[in-house]
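Written below as structure tokens is the structure these notes are about.
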Amino acid sequence: MKAQEKQYKQLCNTGTIDRYLILWGKQKTQYLKSSFLKPVLQDEDLQAVNPQRLKQANSEKIIIGGMTKELERAYDRGEFLAGKSTTIILNDSQNRLSLKAVLALLNSTLVSFWYKCYFSSLALAGGYLR
């Protein structure tokens, strides 16, 4: 079944994103002092609240975890709604670069090293990256 045929989106946040993996259903999602193993939002509810977010959720994208000690990014073909603590990179139909190639570059040791050096002044307490 294609992601667009589902009637719901799986919610992922920073805590369920690892390098190349979304740990939905394997690791609990923390939200407002509660935790959920398999959180979902109905498409029609999301459409009623924010149609743009549903469009983003249905799109091919890279989801980037926020406030982590190591940079963590994963590919999504349109099954997940990225939580508020994340950043997304959407595929541009004009862009000839594959999102999977971009993901490999972003998850590389070299880019992680560069990011930590270049943005070290923005690190939060405990060494968390923004």
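Quick caveat, the model's predicted, so the values are computed rather than measured.
- Residues forming a side-chain contact (heavy atoms from CB on, under 4.5 Å) with Leu11 (at least two apart in sequence, or on another chain): Pro39, Leu41, Leu81.
- Identified under the side-chain hydrogen bond (donor to acceptor under 3.5 Å, both in side chains) test for residues 47-57, with sequence neighbours left out: Arg53-Gln56.
- Not one N or O on the side chain of Thr29 forms a donor-acceptor pair closer than 3.5 Å with the backbone of Cys12.
- When the side chain to side chain donor-acceptor pair (under 3.5 Å) test is applied to Ser112, the partners found at least two apart in sequence or on another chain are Arg19.
- The hydrophobic cluster around Leu21 extends to Leu23, counting ILVMFWY residues whose side-chain heavy atoms fall within less than 4.5 Å of a member.
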Exercise. Going through the distances and angles, do Leu106 and Leu71 end up as a side-chain contact (heavy atoms from CB on, under 4.5 Å)?
Worked result: CA-CA 8 Å; Leu106 291 176; Leu71 299 176; over 6 Å; no
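- Between the CG atom of Asn13 and the CZ atom of Phe36 there is a distance of 10.5 Å, given to the nearest 0.5 Å.
- Nearest heavy-atom pair across Ala82 and Ile88 is CB-CG2, 3.6 Å.
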Exercise. Between Asp43 and Gln7, does a side chain to side chain donor-acceptor pair (under 3.5 Å) hold up when you go through it step by step?
Worked result: CA-CA 5 Å; Asp43 285 0; Gln7 300 298 310; 5.6 Å; no
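- Ala74 and Leu103 make their closest contact through N-CD1, 3.8 Å (heavy atoms, listed as atom of the first residue, atom of the second, distance).
- Contact check for Ile64 versus Thr86: no side-chain heavy atoms found under the 4.5 Å cut-off.
- Without hydrogens or angle criteria, Asn107 side chain to Arg73 main chain gives a donor-acceptor distance under 3.5 Å.
- With a 4.5 Å cut-off between side-chain heavy atoms of Ile, Leu, Val, Met, Phe, Trp and Tyr, the cluster of Val49 takes in none.
- Listed by chain and residue number, Ile22, Lys61, Ile63, Glu79, Phe80 satisfy the side-chain contact (heavy atoms from CB on, under 4.5 Å) test with Asp76 (two or more places apart in sequence, or in another chain).
- Judged by distance alone, the side chain of Ser35 and the main-chain N or O of Gln30 form no donor-acceptor pair under 3.5 Å.
- Side-chain heavy atoms closer than 4.5 Å link hydrophobic residues (I, L, V, M, F, W, Y) into clusters, and following such links, possibly through other members, connects Ile17 to Leu90.
- Side-chain atoms of Asn58 and Lys9 form a donor-acceptor pair, as typed in the model, at a separation below 3.5 Å.
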For this session: Could you walk me through whether Tyr20 and Tyr75 pass side-chain contact (heavy atoms from CB on, under 4.5 Å), step by step?
Result: CA-CA 6 Å; Tyr20 298 104; Tyr75 172 80; over 6 Å; no
